[in-house]
Peer 1: 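Quick one: the structure is below, questions incoming.
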Amino acid sequence: MKNMVSNRLNKSFKKTVHFNPLLSGLFALFFVIVFCILQLQLSLFVATIIFCIISVLCILILLRLPRRGSDYFDPGMLFLIFTIMGTAPIGIMLLLKLPIVITGVRYSLFPKIIFLHLILITSFTFFYYLINFKRKIVISNHTPPIWHTNTWIWMAISLTLALFAIQILSDMLLTRQAGSNSEISRIFNTRIGVYGQQFLIHLGNIKGYATLFAVGTIVSRAQTLKQAYLRLAVCSLLLGIIGFGIFSSRGAALGILLSTICYVNITRWDGTFISGRIFILLMLLGVAATGILDLLESFFINGTIPNKYDIAMLFILDFGIFKNAAVVVDWVAQGIVNLRNGENYLTAIKALMPKQVRGDLPLLANWYISEVSKQQGVDYVAQGQGFGFSTVAEGYLNWRTFGVFIQGVVLAVLASVVRFVKVSKKMRFLSPFIFSTAIGVSYILIRGDTMGIMTRLKNYFLDVIFIVIVVTVIDTAIKGKRKY
């Protein structure tokens with residue numbers, strides 16, 4: 001009944017809203033380009049209003065892409081929503097005179113940073129739609145047994161125990177007791193060599209994927225949606241408590257939650273697992289929950305009582321990324337750093353080769369830490385602290401405003417690779433495994449450089465294919481024994 005009502009609402013929406021997605025995207029792109037060519041100086045109010053209006057238009061455009069049912073878990077859509085949630089609230093809060101401070105950055109730069117994010121999402125939306133609007137969704141009633149096999153559950157348990165055993169024996173079980181995230185990162189990078197790091201990283205990734213697929217198997221076996229929701233909530237909460245309580249991972253529960261929904265949307269419910277309202281609620285609660293956990297951690301460990309500034313930050317997705325973009329744009333404007341002219345894209349291609357062949361490559365996040373350390377006179381590198389890196393900052397470092405436009409095109413291509421896995425007939429067997437893990441790239445697109453994104457995609461594909469092969473072999477062997 002709910003699906004019938006949802007379908008009727010979707011049909012009535014399409015009847016009342018008449019617009020061509022390509023022409024609308026082209027119009028938005030033309031509008032933004034004209035502003036750039038005329039070099040108009042926008043006020044904070046105008047920049048924020050334009051950003052909000054075109055953001056809604058971009059969402060409407062991507063909603064017209066082919067999809068299963070009410071499936072909103074599209075890498076392009078998620079990237080768009082994450083970018084909006086990290087930008088629009090800042091403009092609104094600045095207009096309301098709420099306390100937002102970016103050390104060393106001129107207030108007059110804020111409208112420009114908001115407009116640069118507008119350029120990013122506009123170019124991204126147009127080219128992402130252009131690449132994907134003709135690709136049809138594969139519909140098939142055949143369900144490969146490996147999607148729901150018990151082996152995933154046993155594999156997750158076995159790999160978890162094996163990883164803990166190896167970490168304990170090598171003195172690398174880095175929990176909250178080892179210190180802050182920065183201290184844990186420093187210990188991990190200095191206590192063992194490159195091969196040891198790579199082994200533990202890949203084993204940890206594979207264990208995480210097996211856990212995700214095990215939860216997906218448990219949820220997809222539910223007889224009703226209510227049972228599935230209950231199973232998903234219990235599993236996500238349990239894993240979230242373990243991740244946050246022991247390993248200080250604030251995003252563990254949300255990551256399992258979103259990835260599992262992607263998994264069961266493909267393997268069982270064919271895009272109808274959650275409605276649009278629940279999707280929006282998950283996005284809002286996810287952002288707020290991450291910030292609340294941060295505040296609780298500061299309160300119970302350091303005794304820090306949240307102030308108005310801390311409460312205001314709860315409504316912004318990763319304020320540090322907006323700050324990062326503002327700082328880098330300011331550096332370029334003052335001539336403190338030189339433009340890279342696309343050098344980072346060549347570095348990203350090299351990153352696809354094994355580390356033993358291409359050696360260490362400079363992440364822009366590491367470059368940023370070094371520059372901040374120089375500017376502020378604090379050695380963040382020695383402290384082991386790490387920052388994300390704004391995709392707007394990467395584009396601006398290349399060719400200023402035009403570089404941000406190009407960055408949107410690059411991200412549209414990378415997000416389309418992830419979407420291809422979900423909709424391609426040739427990839428259907430692997431689609432729930434690769435897509436449910438790679439969907440996390442939607443968030444990394446806004447807070448990681450191109451090299452880091454491509455490295456993650458490569459690891460997703462290799463690690464997931466490896467564990468799927470292992471589970472397929474085990475399942476085949478078990479079935480062979482049962483015959484005899």
Side-chain angles (χ1 to χ4, degrees), residues 145-179 181 183-185 187-189 191-222 231-260 263-264 267 430 432-434 436-438 440 456 459-482:
I146 193 174
W147 286 3
H148 302 141
T149 178
N150 281 330
T151 307
W152 287 120
I153 300 172
W154 294 112
M155 179 66 72
I157 296 172
S158 302
L159 287 174
T160 300
L161 295 175
L163 180 61
F164 279 176
I166 293 171
Q167 289 174 329
I168 291 171
L169 292 174
S170 60
D171 194 26
M172 288 299 295
L173 185 61
L174 303 176
T175 63
R176 278 181 176 273
Q177 295 180 348
N181 289 334
E183 181 63 17
I184 290 174
S185 177
I187 294 173
F188 183 80
N189 291 326
R191 187 172 289 180
I192 57 175
V194 174
Y195 289 103
Q197 291 177 23
Q198 287 184 327
F199 174 75
L200 287 179
I201 289 173
H202 284 288
L203 183 59
N205 289 342
I206 291 172
K207 185 267 295 183
Y209 303 152
T211 303
L212 162 61
F213 306 149
V215 174
T217 298
I218 293 170
V219 174
S220 62
R221 285 180 171 180
R231 293 184 182 190
L232 178 59
V234 171
C235 291
S236 298
L237 186 61
L238 179 62
L239 292 171
I241 291 172
I242 295 172
F244 179 70
I246 300 176
F247 299 103
S248 187
S249 174
R250 300 176 186 86
L254 183 61
I256 285 290
L257 188 68
L258 297 182
S259 294
T260 302
Y263 188 86
V264 300
T267 61
L430 291 170
F433 306 116
I434 296 179
S436 61
T437 53
R456 281 176 178 266
N459 291 338
Y460 287 146
F461 277 80
L462 294 179
D463 290 344
V464 169
I465 289 174
F466 171 77
I467 192 173
V468 168
I469 290 174
V470 171
V471 170
T472 302
V473 171
I474 293 174
D475 264 8
T476 304
I478 292 173
K479 289 177 182 178
K481 287 183 178 180
R482 285 175 181 171

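Bear in mind the structure is a predicted one, so any value in this text is a computation, not a measurement.
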Peer 1: What pair of heavy atoms forms the shortest contact from Arg221 to His148, and how long is it?
Peer 2: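 So the minimum-distance heavy-atom pair works out to NH2-O, 2.6 Å.
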Peer 1: Quick one: does Ser259's side chain have a donor or acceptor within less than 3.5 Å of a partner on Ile256's backbone?
Peer 2: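 No, because the side chain of Ser259 does not come within donor-acceptor range (under 3.5 Å) of the backbone of Ile256.
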Peer 1: Kindly compute the distance separating OG1 (Thr211) from CD1 (Ile157), expressed to the nearest 0.5 Å.
Peer 2: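 The OG1 atom of Thr211 sits 9.5 Å away from the CD1 atom of Ile157.
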Peer 1: Looking only at non-hydrogen atoms, find the nearest pair between Ala214 and Ala156 and report the distance.
Peer 2: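 Shortest heavy-atom contact: CB-CB, 4.0 Å.
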Peer 1: side-chain contact (heavy atoms from CB on, under 4.5 Å), that's the test. Do Asp463 and Thr437 meet it? Break it down for me.
Peer 2: CA-CA 10 Å; Asp463 290 344; Thr437 53; over 6 Å; no
Peer 1: Apply the test side-chain contact (heavy atoms from CB on, under 4.5 Å) to residues Leu462 and Phe466: give CA-CA distance (whole Å), side-chain angles for both, the deciding distance (0.1 Å), then the verdict.
Peer 2: CA-CA 6 Å; Leu462 294 179; Phe466 171 77; over 6 Å; no
Peer 1: Do Val264 and Leu232 touch side chain to side chain, with heavy atoms closer than 4.5 Å?
Peer 2: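 No, too far: nothing below the 4.5 Å cut-off.
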Peer 1: Name the orientation class of the two ring planes belonging to Phe213 and Trp152 (parallel below 30°, tilted from 30 to 60°, perpendicular beyond 60°).
Peer 2: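 Taking Trp152 first and then Phe213, their aromatic rings stand perpendicular (interplane angle over 60°).
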Peer 1: How close do Leu163 and Gly204 get, heavy atom to heavy atom, and via which atoms?
Peer 2: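 Scanning both residues completely, I find the closest heavy atoms to be CD2-CA, 3.9 Å.
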Peer 1: With a 4.5 Å limit on heavy-atom distance, are the side chains of Ser220 and Trp147 in contact?
Peer 2: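 No, every pair of side-chain atoms sits at 4.5 Å or beyond.
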Peer 1: Between Tyr209 and Tyr460 (side chain of the first, backbone of the second, donor and acceptor by atom type, cut-off under 3.5 Å), is there such a pair?
Peer 2: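 Looks like no, no N/O pair under 3.5 Å.
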Peer 1: Do Asn205 and Arg456 pass the side-chain hydrogen bond (donor to acceptor under 3.5 Å, both in side chains) test, and can you show the C-alpha distance, the side-chain angles, and the key distance before you say yes or no?
Peer 2: CA-CA 11 Å; Asn205 289 342; Arg456 281 176 178 266; over 6 Å; no
Peer 1: Given 3.5 Å as the limit, does a donor-acceptor pair link the side chain of Thr149 with the main chain of Pro145, or not?
Peer 2: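 No; judged by distance alone, with no hydrogens or angles, the pair does not exist.
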Peer 1: Which one of Thr472, Thr217, Val473, Val471 satisfies the side chain to side chain contact (heavy atoms under 4.5 Å, CB included) criterion with Thr151?
Peer 2: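 The option that passes is Val471.
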Peer 1: Tell me, with the steps shown, if Trp154 and Ile474 meet side-chain contact (heavy atoms from CB on, under 4.5 Å).
Peer 2: CA-CA 11 Å; Trp154 294 112; Ile474 293 174; over 6 Å; no
Peer 1: Using atom types as modelled and distance alone, determine if a side-chain donor or acceptor of Ser436 lies under 3.5 Å from a backbone N or O of Thr260.
Peer 2: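 Here the side-chain-to-backbone pair does not exist.
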Peer 1: Test side-chain contact (heavy atoms from CB on, under 4.5 Å) on Leu159 and Ile467; report intermediate values, then the result.
Peer 2: CA-CA 11 Å; Leu159 287 174; Ile467 192 173; 4.1 Å; yes
Peer 1: Between Ile218 and Arg231, what is the shortest heavy-atom contact and its length?
Peer 2: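 Answer, listing the atom of Ile218 first, then Arg231: O-NH1, 2.7 Å.
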